[in-house]
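Below is one structure, written out as structure tokens, with a few remarks after it.
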Amino acid sequence: MKAVARKAAAGEGTAKKTAAKKSPAKKVVAAKTPAEKAIAKKAVAKKAAAEEPVVEQTPVQEAVAAKAVTKKAATKKATTAGKTAAAPATAKKASAKKAAPAKTAAKKTPARKAATKKVASEAVTADTPAAEDAVAASASHEVAPAAGAGSPSPAPPPQASAALDAGDRERLLAGTHHDPHTVLGAHLVPGGVAFRVFRPYALAVTVVAGELRAELHDDGDGFFSGLVARAEVPAYRLQVTYEGAVQDTEDAYGFLPTLGELDLHLIGEGRHEQLWTVLGAHPMTHQGVAGTRFSVWAPNARGVHVAGTFNFWDGTGHPMRSLGSSGVWELFLPGVGEGELYKFQITRPDGSKTLRADPLARRTETPPNTSSVVTASHHEWQDEEWLSRRAELPAHQAPFSVYEVHLPSWRPGLTYRQLAEQLPAYVKDLGFTHVELMPVAEHPFGGSWGYQVTGFYAPTARLGTPDDFRYLVDALHQAGIGVLMDWVPAHFPRDDWALAEFDGRPLYEHEDPLRSAHPDWGTLEFDYGRREVRNFLVANAVYWCEEFHIDGLRVDAVASMLYLDYSREPGQWVPNEHGGRENLDAVAFLQEMNATVYRRVPGVVTIAEESTAWDGVTRATHHRGPGGFGGLGFGLKWNMGWMHDSLDYMSHEPVYRKYHHNEMTFSMVYAYSENYVLPISHDEVVHGKRSLVSKMPGDWWQQRANLRAYLGFMWAHPGKQLLFMGQEFAQGAEWSEARGPDWWLLDPGYGAQADHRGVQDLVRDLNTVYRHTPALWQQDIDPAGFEWIVGDAAEDNVFAFLRFAADGSPLLAVSNLSPVVRQDYRLGAPDDVPAWHEYLNTDIGKYGGGDVTNADVIKPEPQGWHGRPASIRLTLPPLATIWLRPA
């Protein structure tokens with residue numbers, strides 16, 4: 001894991017826009033009771049204190065909000081004075097409309113704009129008998145239909161009131177109503193259909209159903225109601241009048257739930273393998289109406305609202321419903337489409353409110369902004385040929401050389417689509433089979449390199465949209481390059497707009513502080529024992545593979561997940577139920593994740609960054625090891641031991657290397673205990689560790705020679721290869737995420753350009769020979785694929801070994817890591833190979849070497865050596881590796 005401090009810097013403002021609402025004006029209103037006054041006062045106060053995302057108001061919005069606040073005081077005064085006077089209802093209505101404040105309606109979607117009309121031009125006038133009936137009916141909250149062809153006879157006296165009772169009003173205003181659909185919308189009641197609408201800032205609401213146009217009574221605080229004499233609920237729309245605008249829309253509270261019983265059951269069981277399809281924000285057509293379904297898991301919340309650009313970030317009027325005991329809240333909002341920003345406004349158990357980004361948001365704003373974005377994919381994949389072939393061979397039996405990339409800094413300033421024009425061509429030219437992308441999931445702090453994730457389901461918006469990222473993956477596949485990505489299920493940052501105490505209590509993190517706080521990075525660890533949290537992470541792994549065609553997941557910081565005492569002192573951790581230090585919940589999670597990914601997505605590989613001797617990281621989950629645990633089920637594991645040992649050896653002056661000879665040979669003691677990747681990653685070239693070439697001793701020529709020899713040894717060693725960007729052309733400076741690789745070193749105008757080009761040419765040739773030589777990859781995990789020729793020539797600094805393909809075809813690799821030429825160096829050899837020839841030599845001139853080579857065919861001699869019946873004599877160039885194959 002990373003040594004860099006990973007503290008996210010993004011934050012949220014808390015100021016909330018407020019605006020007054022229309023005072024009741026349809027009839028003479030009795031003075032409010034003290035309880036009603038308290039409710040109204042409490043709602044206004046809470047609204048003012050609610051949190052708001054980092055979204056600036058336009059000048060028009062600011063002016064409307066300011067005007068609304070000013071008007072509110074005047075309206076209240078006028079209403080209070082008028083409570084004791086008897087006046088015609090129609091006169092009071094006109095007066096109230098003139099004085100009542102309202103906020104400009106939210107940006108209309110095309111569906112809303114098409115139906116927008118002026119209410120005044122169609123409303124029933126007071127000159128008609130029908131209008132007089134409507135006015136009279138409003139006094140009892142019964143709304144008579146407008147006069148016109150086919151109008152029904154006047155309704156009988158209502159048997160029920162349409163207005164909400166005080167309890168429902170208070171809970172809706174306080175944000176604690178768990179089922180607003182039962183009280184809002186249209187409902188059959190004695191006497192007809194009751195319409196109830198909650199629209200803060202609205203001046204008037206009219207129900208439109210065919211010929212029916214019924215203006216609802218203003219009950220105050222944004223509530224409107226009316227009773228229409230109908231035997232059944234009609235198909236209807238709402239015309240909502242704001243100051244300066246009218247919005248024509250479907251009623252969000254007239255829709256059935258969009259999530260089915262099976263979805264809720266799977267969520268409750270923690271087994272919904274496509275969780276992203278049911279939680280989050282999804283543009284869809286529901287009951288024939290276009291809109292967006294919002295859903296979120298928040299089991300501890302007293303209430304949840306949707307806030308966004310479509311309601312001026314005031315979610316008061318858009319409460320969600322709780323779907324039984326699942327902990328899921330859901331709301332379908334008609335007319336809301338792609339591109340809208342949103343968050344969830346959550347009422348915590350203590351009654352306070354918090355504004356949170358969607359944990360399953362599939363798109364986000366560009367940091368430092370933190371809102372979620374409604375999105376849908378429109379990318380048409382062109383990688384069918386790649387997908388059809390990738391499962392032909394498992395990764396450990398196939399050529400697998402990886403170029404590790406930090407996308408934001410590989411070519412700073414490029415977008416996903418611009419990277420798609422350059423990265424595939426570069427990687428293909430160098431011959432790598434795969435790229436590994438450092439984390440692409442959204443994160444607030446660029447200095448964490450993506451390892452502190454807040455948007456687990458969203459590619460970072462810094463480089464483009466999710467479809468832009470799909471385009472990049474597609475381009476790499478079409479170039480024949482696999483795509484691995486770093487995945488970070490070990491922890492998450494504490495940002496108060498993200499996952500930390502998401503619904504007011506520990507939810508994604510463990511409730512025990514000893515288990516939740518990560519001691520190294522100031523972050524929080526997931527609660528792997530909670531089935532919904534495991535589901536969130538397992539589905540996330542599947543999501544990247546299925547939705548973005550990712551070919552492999554490199555799982556970060558596995559060791560920190562596996563051990564309860566990881567970086568903790570005695571007394572800072574609690575043993576498991578067996579008294580051990582193993583985190584049994586994390587073990588079960590990793591096994592479930594690997595089993596699910598391999599079952600659902602053939603051809604995908606999972607790779608563990610695991611730095612300990614945990615038994616069975618790459619063993620199948622159903623095979624138990626000596627410790628009693630089943631395997632974790634990974635396909636490959638980073639060989640951190642080889643990396644540390646070999647780099648330590650290479651950092652010594654050659655004269656001292658004989659004392660560290662075992663550091664280069666020890667890896668073969670355990671080489672077949674797991675399926676290994678040999679990683680020279682970003683972690684090894686930052687924070688004072690120096691770049692790869694700068695780790696090497698000697699002058700500039702010797703440093704490059706050491707580097708070339710080391711890469712030749714690495715590519716021949718059992719295991720897959722990974723090399724971080726910039727090291728392929730011997731960059732001298734450490735990597736910086738703010739700067740990226742020093743591409744200018746390859747500029748023809750630079751004096752030492754040939755030195756760097758030489759190393760780059762070697763990497764290209766290593767990959768080319770590697771891909772065409774099955775002996776170097778076909779039996780990486782089989783001891784039959786390797787034999788030492790000489791592993792104890794410490795005084796000479798020489799290593800020689802054979803690699804074998806499945807059909808027995810050999811390759812002989814010899815490394816001379818001393819700075820002297822060794823003439824006629826005798827090595828034992830198989831007696832069934834009649835002749836050898838030099839296949840690759842890291843010392844040739846085009847790589848920047850001294851051109852000490854074995855130009856002629858090399859024939860074995862019958863003299864036994866190194867325990868072999870035959871031997872060969874070679875010229876070993878200084879600080880070089882050579883590969884030989886049968887002639």
Less than 3.5 Å apart, any donor N or O on the side chain of [X] or [Y] sitting next to an acceptor on the other?
X: Tyr649; Y: Asn662; result: no
X: His434; Y: Asp551; result: no
X: Ser871; Y: His866; result: no
X: Thr612; Y: Glu610; result: yes
X: Gln478; Y: Asp474; result: yes
X: Glu674; Y: Thr618; result: yes
X: Trp836; Y: Asn854; result: no
X: Asn841; Y: Glu838; result: yes
X: Tyr839; Y: Arg885; result: yes

Using atom types as modelled and distance alone, determine if a side-chain donor or acceptor of [X] lies under 3.5 Å from a backbone N or O of [Y].
X: Ser815; Y: Leu817; answer: no
X: Glu861; Y: Gln863; answer: no
X: Gln721; Y: Gly719; answer: yes
X: Glu787; Y: Leu802; answer: no
X: Arg826; Y: Ile872; answer: no
X: Asp851; Y: Gly845; answer: yes
X: Glu728; Y: Gly726; answer: yes
X: Gln397; Y: Gln779; answer: no
X: Lys689; Y: Asp683; answer: yes
X: Asp383; Y: Trp386; answer: no

Could you tell me which non-hydrogen atom of [X] sits nearest to which non-hydrogen atom of [Y], and how far apart they are?
X: His756; Y: Leu746; answer: CB-CD2, 3.9 Å
X: Ala887; Y: Val857; answer: CB-CG1, 4.2 Å
X: Val833; Y: Pro886; answer: CG1-CB, 3.9 Å
X: Pro860; Y: Pro834; answer: CD-O, 3.1 Å
X: Leu723; Y: Leu711; answer: CD1-CD2, 4.2 Å
X: Gly712; Y: Thr842; answer: CA-CG2, 4.4 Å

One should read off an interatomic distance between Thr875 OG1 and Asp843 CG, to the nearest 0.5 angstrom, of 11.5 Å
Stepwise, does the salt bridge (charged side-chain N to carboxylate O under 4.0 Å, His left out) test hold for Lys720 with Asp780? CA-CA 8 Å; Lys720 310 308 180 183; Asp780 269 332; 2.7 Å; yes
Quick one: salt bridge (Lys or Arg N to Asp or Glu O under 4.0 Å) partners of Arg708, sequence neighbours excluded? none
Under the rule for salt bridge (Lys or Arg N to Asp or Glu O under 4.0 Å), what residues qualify as partners of Glu795, not counting sequence neighbours?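 In terms of salt bridge (Lys or Arg N to Asp or Glu O under 4.0 Å), with neighbours along the sequence ignored, Glu795 is linked to Lys658.
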Here's a test for you: under ring-ring contact (aromatic ring centres under 6.0 Å, His included), which of Trp735, Tyr451, Phe724 qualifies with His406?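 Only one of Trp735, Tyr451, Phe724 forms a ring-ring contact (aromatic ring centres under 6.0 Å, His included) with His406, namely Trp735.
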Is it true that [X] and [Y] make a salt bridge, defined as a side-chain N closer than 4.0 Å to a carboxylate O?
X: Arg554; Y: Glu609; answer: yes
X: Lys695; Y: Asp648; answer: no
X: Glu546; Y: Arg600; answer: yes

Aromatic ring proximity Trp883/His772, centre distance under 6.0 Å: no
Please verify the inter-ring angle class for [X] with [Y]; under 30° counts as parallel, over 60° as perpendicular, anything in between as tilted.
X: His661; Y: Phe799; answer: parallel
X: Trp410; Y: Trp743; answer: perpendicular
X: Tyr710; Y: Trp642; answer: parallel

Quick check on side-chain contact (heavy atoms from CB on, under 4.5 Å): which of Asp765, Val759, Asp755, Val763 does Tyr847 satisfy it with? Asp765
